[in-house]
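Reading through the structure tokens given below for one structure.
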Amino acid sequence: MGDEEAKNLPMELSEKGGVENNGFVQNEAFDEKETNASSQEEIPKSCVVGVNPAALEELPLKPYAGMPKEVLLKFSRQARYRVTREILFWLIIASAVLLVCSTIAIIALSPKCLSWWQASPIYQIYPRSFKDSDMDGNGDLKGIQEKLDHIMYLNVKNIWITSFYKSPLKDLGYGAEDFYDIDPMFGTMTDFENLIAAIHDRGLKLIMDLIPNHTSDKHRWFQLSRNRTGKYTDYYVWQDCAQAGGSLTPPNNWVSVYGNSSWQFDDVRQQCYFHQFGKEQPDLNFRNAAVQEEIHDIIKFWLGKGIDGFSFNAVKFLLEATHLRDEPQVNKLESPEDITAYSQLYHDYTTTQVGMHDLLRAFRHTMDQYSSEPGRYRFMSSDADDEEDTEATMMYYGTSFSEEADFPLNFYLINLKNLSGNSVFEAVNLWMKNMPEGKWPNWAVGNPDSARISSRIGKEYVNVINMLLLTLPGTSITYYGEEIGMENIASEEVSKELMSSVPETFPEKSPMQWDDTVNAGFTEGNSSWLPVNPDYESVNVETQKTQSNSSLNLYRALSSLRNTELPLQRGWMCHIWNDSDVFVYVRELDGLDRVFMMVLNFGQESTVDLKAVVPNLPSEALVRLSTNFGNTGKVVNTQIVKTDVGEGLVLQYKTGKPVHAMEAFQENCFVAEKACYSPAFNLLYMNC
């Protein structure tokens with residue numbers, strides 16, 4: 001390269017034209033002195049680099065890590081980056097819109113979730129007989145808390161405790177002396193608060209009894225009313241009557257549920273008060289607005305304590321006709337003086353009076369005020385018990401625009417006179433055919449005032465009755481001890497003192513049988529308030545836990561099956577066959593090819609050709625559960641389905657032709673909460 005070319009190529013970096021870096025210079029003067037002291041010849045004033053400025057400008061600039069904002073913006077404006085960015089932006093927006101729309105569609109199409117009182121059976125506890133914690137021979141609230149794990153073991157989520165208000169216990173606690181307090185026999189308010197906290201900690205719910213119709217005659221309201229004190233003067237139903245020489249001339253012929261006149265003379269007030277039940281249980285005057293407000297305050301008090309629902313008892317007795325006319329006799333030829341029994345009159349003026357349903361709707365409204373919190377719906381049931389008038393019973397459901405009870409208690413299975421496949425079908429069909437559309441059924445086979453299954457219909461039918469209870473649509477209610485097949489105690493075992501205290505029986509209230517120790521593990525005291533059934537050494541919870549074919553483990557398996565299988569939770573129920581021995585029905589869900597068929601024997605040994613009844617039925621079905629555990633898991637020929645006395649089968653099969661879609665069975669099919677299953681998305685929807 002020549003000298004002339006060299007002059008044209010170099011770019012000179014001089015002290016004047018170069019970039020000066022003083023990052024490590026602390027003192028310019030010092031730096032200058034150091035420079036002067038050095039040899040001028042060793043440090044050139046300038047250096048020459050062979051780079052062409054034009055060539056440098058033509059070098060392409062590429063993105064690099066850590067580039068400043070100015071450089072980043074230069075690249076971001078380029079088309080290839082801008083278009084990509086905009087495409088991603090609109091994809092994100094479209095995805096978000098699609099997600100929101102899908103969510104809205106799913107919510108709109110999805111059926112309403114089952115509430116807690118629909119999703120699980122209810123376990124009814126008579127507190128005096130469940131578990132004694134303080135060795136006094138009486139069950140109590142602490143005892144219930146000790147045994148909550150038993151409820152969990154049953155796969156049950158809801159507990160119903162019958163009345164434990166402060167009471168003289170003259171009527172076993174159904175006439176409250178104080179609605180705001182716990183009877184000392186059962187514990188204290190602190191015990192109750194601890195119990196409800198323990199219940200909720202386990203994810204369980206608590207339902208309480210409330211009997212608004214009457215109080216105890218020891219109640220403060222009654223004592224003030226009999227003395228005509230202020231607003232309490234008319235808190236009860238008072239009427240003038242004549243009392244002479246120990247003989248009462250009542251205002252009319254009205255008779256108490258327990259027999260004899262429903263009017264009782266009061267020496268203090270010198271008038272008669274009205275009582276639908278015992279004379280120690282005066283009826284409140286619900287035509288008095290102040291009385292209504294008192295009951296609403298009681299409801300608010302216990303809901304404020306955290307309970308999850310009420311079962312309102314004796315509600316059909318809340319109002320009486322004001323005209324006080326005699327009720328018509330069943331047998332008009334009888335002498336009026338001979339009318340002493342409740343069954344001898346038609347109770348046209350003392351039950352289900354106009355305005356009674358308005359009172360229930362008002363109770364419902366108060367409870368709804370406490371249901372706004374998610375997951376805290378407050379449940380309400382009522383005991384209609386109008387077995388002679390199904391239409392009147394169904395009125396307790398309310399209407400679509402004016403709700404009352406979530407369901408009136410169904411006693412049809414309890415009231416069966418003769419057990420057979422036909423009678424069970426008739427009881428089930430009677431409720432399902434008359435239930436208002438969209439309402440929820442319920443079933444009970446025992447309660448504190450009815451003989452136990454074993455004693456009422458025979459111990460060989462205990463398991464099949466429980467299978468019926470847990471596979472029918474709706475909410476099942478199990479009375480404590482029925483899960484292990486407890487029997488009534490003999491009436492002669494009940495003390496004369498107890499038997500004379502109230503006009504009802506006690507054999508179905510015997511202590512819960514927990515184990516085979518003394519007093520069946522109910523109490524560590526010397527005795528229990530009622531005798532334990534002598535069969536407790538074999539019929540008890542701990543023993544049955546170890547037996548694979550026990551009533552307890554069958555109950556547990558059935559409740560678990562119900563919790564895990566959609567057709568049993570909310571699907572169709574179609575009756576397909578009944579005769580004197582068996583009752584057969586299916587549970588199925590739209591969109592799901594898995595069907596459950598219940599073959600329940602309530603009579604003698606039977607063989608049924610079900611394929612002849614349902615032509616599209618598969619030739620074989622799996623025994624998912626059987627009351628005879630040895631049959632579980634076997635395959636049966638649907639043309640020859642055999643059942644022994646009291647045997648129940650839960651058969652499972654697959655089909656694309658559900659029974660409820662067959663024209664021949666459509667009038668035999670019912671659904672409370674209709675839903676359809678989408679196997680593609682694994683979700684439920686309504687419109688199918």
So if I apply the ring pair (Phe, Tyr, Trp, His ring centres under 6.0 Å) rule between [X] and each of [options], which one comes out positive?
X: Trp263; options: Tyr273, Phe274, Trp238; answer: Phe274
X: Phe192; options: Phe186, Trp302, Tyr180, Tyr165; answer: Trp302
X: Phe407; options: Tyr397, Tyr396, Phe379; answer: Phe379

Notebook entry, point to check: Between Trp221 and Phe179, what is the ring plane arrangement, given parallel below 30°, perpendicular above 60°, and tilted in between?
Noted result: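 Ring orientation, 0 to 90° scale: tilted.
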Check: Would the Phe222 and Tyr236 ring centres measure less than 6.0 Å apart?
Finding: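 So the answer is yes for these two rings.
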Item checked: Centroid separation His575 to Phe670 less than 6.0 Å ->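 No; Phe670 has its ring centre 6.0 Å or more from that of His575.
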Item checked: Residues Phe130, Trp514; criterion ring pair (Phe, Tyr, Trp, His ring centres under 6.0 Å); working and verdict -> CA-CA 9 Å; Phe130 198 62; Trp514 294 107; 5.1 Å; yes
Margin query: Run the salt bridge (charged side-chain N to carboxylate O under 4.0 Å, His left out) test on Asp389 and Lys316 for me, step by step, so that the C-alpha distance in whole Å, both residues' side-chain angles and the decisive distance to 0.1 Å come before the verdict.
Written below: CA-CA 13 Å; Asp389 190 344; Lys316 70 176 182 179; over 6 Å; no
Where is the tightest heavy-atom contact between [X] and [Y], given as atom of each residue plus distance?
X: Ala314; Y: Ile211; answer: CB-CG2, 4.3 Å
X: Ser167; Y: Asp183; answer: O-OD2, 2.7 Å
X: Val539; Y: Gln513; answer: O-NE2, 2.6 Å
X: Ser510; Y: Pro531; answer: CB-O, 3.8 Å
X: Asn252; Y: Asp326; answer: CB-OD1, 3.2 Å
X: Lys509; Y: Leu530; answer: O-CD1, 3.6 Å

Count the heavy atoms belonging to other residues, nucleotides or ligands that lie under 6.0 Å from [atom1] of [X], then report whether that count exceeds 12.
X: Asn526; atom1: CG; result: no
X: Arg228; atom1: CZ; result: yes
X: Asn418; atom1: CG; result: no

Please round to the nearest 0.5 Å and tell me the distance separating atom [atom1] of [X] and atom [atom2] of [Y].
X: Trp160; Y: Asn447; atom1: CH2; atom2: CG; value: 7.5 Å
X: Asn158; Y: Gln118; atom1: CG; atom2: CD; value: 10.5 Å
X: Phe363; Y: Glu404; atom1: CZ; atom2: CD; value: 11.0 Å
X: Asp132; Y: Met512; atom1: CG; atom2: CE; value: 15.0 Å
X: Ser420; Y: Phe583; atom1: OG; atom2: CZ; value: 11.0 Å
X: Ser527; Y: Asn519; atom1: OG; atom2: CG; value: 7.0 Å

Notebook entry, point to check: Taking Trp254 for the side chain and Arg325 for the main chain, is one N or O donor matched with an acceptor at less than 3.5 Å?
Noted result: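 The answer is yes, because a donor-acceptor pair under 3.5 Å joins these two groups.
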Notebook entry, point to check: Do the side chain of Asn601 and the main chain of Gln604 share a donor and acceptor less than 3.5 angstrom apart?
Noted result: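 Yes, the answer is positive, given that a donor and an acceptor are paired below the 3.5 Å cut-off.
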Margin query: Using side-chain contact (heavy atoms from CB on, under 4.5 Å), reason through Ile207 and Ile307 one step at a time and then give a plain yes or no.
Written below: CA-CA 6 Å; Ile207 301 167; Ile307 73 160; over 6 Å; no
Next item on the list: Go through the steps for Tyr174 and His214 under the test ring pair (Phe, Tyr, Trp, His ring centres under 6.0 Å), then give the verdict.
Entry: CA-CA 9 Å; Tyr174 289 107; His214 53 266; 8.4 Å; no
Margin query: Glu487 vs Lys459, test: salt bridge (charged side-chain N to carboxylate O under 4.0 Å, His left out). Steps then yes/no.
Written below: CA-CA 8 Å; Glu487 295 184 62; Lys459 62 177 66 177; 3.0 Å; yes
Please tell me whether [X] and [Y] have a donor and an acceptor in their side chains that are separated by less than 3.5 angstrom.
X: Gln271; Y: Asp240; answer: yes
X: Glu483; Y: Tyr123; answer: yes
X: Gln344; Y: Glu334; answer: yes
X: His296; Y: Thr366; answer: yes
X: Ser450; Y: Glu508; answer: no
X: Asp283; Y: Asn213; answer: yes

Note to self: Under the criterion side chain to side chain donor-acceptor pair (under 3.5 Å), I'd like the reasoning laid out for Tyr555 against Glu482: C-alpha separation, chi angles, the key distance, then a yes or no.
What the structure shows: CA-CA 9 Å; Tyr555 186 98; Glu482 300 289 14; over 6 Å; no
Side-chain touch [X]/[Y], heavy atoms, less than 4.5 angstrom:
X: Pro121; Y: Leu470; value: yes
X: Ile144; Y: Lys131; value: no
X: Tyr412; Y: Thr390; value: yes
X: Tyr585; Y: Thr471; value: yes
X: Asn313; Y: Thr162; value: no
X: Leu345; Y: His347; value: yes
X: Arg287; Y: Thr322; value: yes
X: Ser311; Y: Leu409; value: yes

Note to self: Checking Arg269 against Asp266 for the salt bridge (charged side-chain N to carboxylate O under 4.0 Å, His left out) test, could you report, in this order, the C-alpha distance in whole Å, the side-chain angles of both residues, the deciding distance, and whether it holds?
What the structure shows: CA-CA 6 Å; Arg269 182 155 168 156; Asp266 181 65; over 6 Å; no
Notebook entry, point to check: Which residue pairs satisfy the disulfide (SG to SG under 2.5 Å) criterion with at least one member in residues 407-459, sequence neighbours excluded?
Noted result: none
Next item on the list: Go through the steps for Asn578 and Glu426 under the test side chain to side chain donor-acceptor pair (under 3.5 Å), then give the verdict.
Entry: CA-CA 9 Å; Asn578 63 278; Glu426 289 165 3; over 6 Å; no
Next item on the list: Report the C-alpha distance between Asn138 and Arg128 in whole Å, list the side-chain angles of each, state the deciding distance to 0.1 Å, and finish with yes or no for side chain to side chain donor-acceptor pair (under 3.5 Å).
Entry: CA-CA 5 Å; Asn138 296 293; Arg128 194 175 181 183; 2.8 Å; yes
Checklist line | From CA spacing to verdict: side-chain contact (heavy atoms from CB on, under 4.5 Å), Leu360, Val315 | finding: CA-CA 8 Å; Leu360 289 182; Val315 292; 3.8 Å; yes
Margin query: Does the Lys NZ or Arg CZ of Lys205 fall within the cation-pi geometry relative to Trp117 - under 6.0 Å from the ring centre and within 45° of the axis?
Written below: no
Margin query: Working note: Trp440 + Thr475, criterion side chain to side chain donor-acceptor pair (under 3.5 Å); need CA distance, chi angles, decisive distance, verdict.
Written below: CA-CA 8 Å; Trp440 191 256; Thr475 299; 2.8 Å; yes
